[in-house]
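See structure below.
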Amino acid sequence: MSHDREHPDDDRVFVRSNWGTNRYIYNARNPVGRVLIVGSLLFAAGALYALYHPDLFRSGWEGDDLRTAVTGATTTLSQEKQFGPGSAAGLFPDIVKQEIARHGHGPEDGLTVTLASNTPESSLWDGGPEDADYSVTARGTDTAFCLHVHAMQRPKAMGYDTVDFTVDDGTCPAETTGAP
């Protein structure tokens, strides 16, 4: 079986466009031209993905950025008064983490928000205070914060009357429960 060239441009990587312009385009009949076509499409798709995922190449946080993000997140959560430490079925650390990531420039998966106190009880039905401490750390920096959260809720009310944060430098001290 002989492989005869059927078109005179089969061996050229670039050919003149047949659409009435003087542009040169990749020649899909040439194997190198096909590779360039596929490579261009993959490059464009990768560029668009990177454009819409700006944290893709950031591996960690900077200390000042983490401080600014924690301050912004605690201010927002205090003003919204929508979630407290005993609400959201124990998902409050995730809510805090998402809010910090929203206010900062580091990757969300580089953040860690850990409960450093006893598990807070929800006061949804009976009303009353909810208190908890959370340690915030981030990959890329030694900066850490201890968030003391105090929330007050009326019985059977949606949202909170107050959600107050106190932010201290360093991780929260481990709470001892007195158990042997």
Side-chain angles (χ1 to χ4, degrees), residues 41-180:
L41 292 173
L42 291 174
F43 177 78
L48 286 173
Y49 184 82
L51 180 68
Y52 287 101
H53 295 84
D55 293 336
L56 185 63
F57 300 108
R58 272 196 102 171
S59 62
W61 284 77
E62 295 176 8
D64 289 339
D65 186 37
L66 181 60
R67 181 179 303 280
T68 302
V70 166
T71 302
T74 55
T75 300
T76 299
L77 290 170
S78 292
Q79 290 172 348
E80 290 176 353
K81 301 176 192 169
Q82 194 173 16
F83 300 105
S87 68
L91 296 176
F92 191 69
D94 292 331
I95 294 167
V96 172
K97 180 179 173 181
Q98 289 172 358
E99 196 64 31
I100 291 171
R102 195 170 71 80
H103 282 83
H105 295 96
E108 184 177 336
D109 65 348
L111 286 170
T112 304
V113 178
T114 309
L115 180 65
S117 61
N118 291 330
T119 304
E121 295 287 330
S122 174
S123 60
L124 176 64
W125 298 111
D126 300 329
E130 295 177 5
D131 293 291
D133 296 333
Y134 297 93
S135 291
V136 177
T137 57
R139 183 176 62 233
T141 182
D142 292 334
T143 304
F145 298 99
C146 179
L147 306 180
H148 308 283
V149 186
H150 176 79
M152 186 62 78
Q153 187 173 37
R154 286 179 303 210
K156 300 178 185 134
M158 296 304 292
Y160 288 80
D161 292 335
T162 61
V163 178
D164 296 316
F165 287 85
T166 304
V167 180
D168 294 329
D169 287 343
T171 59
C172 299
E175 183 164 304
T176 56
T177 59

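- With contacts defined as side-chain heavy-atom distances shorter than 4.5 Å, the pair Asp131/Val149 does not qualify.
- The backbone N or O of Arg102 lies less than 3.5 Å from no partner atom in the side chain of Gln98, so there is not a single donor-acceptor pair.
- Taking all atoms of both residues into account, the shortest heavy-atom contact from Gly128 to Met152 is C-SD, 3.4 Å.
- For Asp161, the salt bridge (charged side-chain N to carboxylate O under 4.0 Å, His left out) criterion is met by Arg154, not counting sequence neighbours.
- A search for ring pair (Phe, Tyr, Trp, His ring centres under 6.0 Å) contacts involving Phe145 returns nothing, not counting sequence neighbours.
- Between the side chain of Trp61 and the main chain of Pro107, a donor-acceptor pair closer than 3.5 Å is present.
- Annotation: side-chain hydrogen bond (donor to acceptor under 3.5 Å, both in side chains) contacts of Asp168 (sequence neighbours excluded): His148.
- For the side chain to side chain contact (heavy atoms under 4.5 Å, CB included) test, residues two or more places apart in sequence or in another chain that qualify with Thr171 are Ser135, Thr137, Ala144.
- Sorted by first and then second residue, the side-chain hydrogen bond (donor to acceptor under 3.5 Å, both in side chains) pairs involving residues 68-79 (not counting sequence neighbours) are Thr76-His103.
- The disulfide (SG to SG under 2.5 Å) contacts involving residues 103-152 comprise Cys146-Cys172, where partners must be two or more places apart or lie in separate chains.
- Taking CZ from Phe92 and OG1 from Thr119, the interatomic distance works out to 14.0 Å, rounded to the nearest 0.5 Å.
- To the nearest 0.5 Å, atoms CG (Leu66) and CG (Asp142) are separated by 11.5 Å.
- By the side-chain hydrogen bond (donor to acceptor under 3.5 Å, both in side chains) test, Asp126 pairs with no residue at all, sequence neighbours left out.
- Going from atom OH of Tyr160 over to atom NZ of Lys81 covers 13.5 Å, rounded to the nearest 0.5 Å.
- Residues meeting the side chain to side chain contact (heavy atoms under 4.5 Å, CB included) test with Pro120, sequence neighbours left out: Pro85, Leu115, Ala132, Tyr134.
- Listed by chain and number, the residues in a side-chain hydrogen bond (donor to acceptor under 3.5 Å, both in side chains) with Thr143 are Thr141 (sequence neighbours excluded).
- Legend: residues meeting salt bridge (charged side-chain N to carboxylate O under 4.0 Å, His left out) with Glu130, ordered by chain and number and at least two apart, are absent.
- Every pair passing salt bridge (charged side-chain N to carboxylate O under 4.0 Å, His left out) that includes a residue from residues 66-80 is listed here, sequence neighbours excluded: Arg67-Asp169.
- Distance check, rounded to the nearest 0.5 Å: CG of Leu77 to CZ of Phe165 gives 4.5 Å.
- A distance of 9.5 Å separates OG1 of Thr166 from CG of Asp133, quoted to the nearest 0.5 Å.
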Q: For side-chain hydrogen bond (donor to acceptor under 3.5 Å, both in side chains), just list the numbers for Asp164 and His150, CA-CA rounded to whole Å, side-chain angles, deciding distance to a tenth of an Å, and then say yes or no.
A: CA-CA 5 Å; Asp164 296 316; His150 176 79; 5.7 Å; no
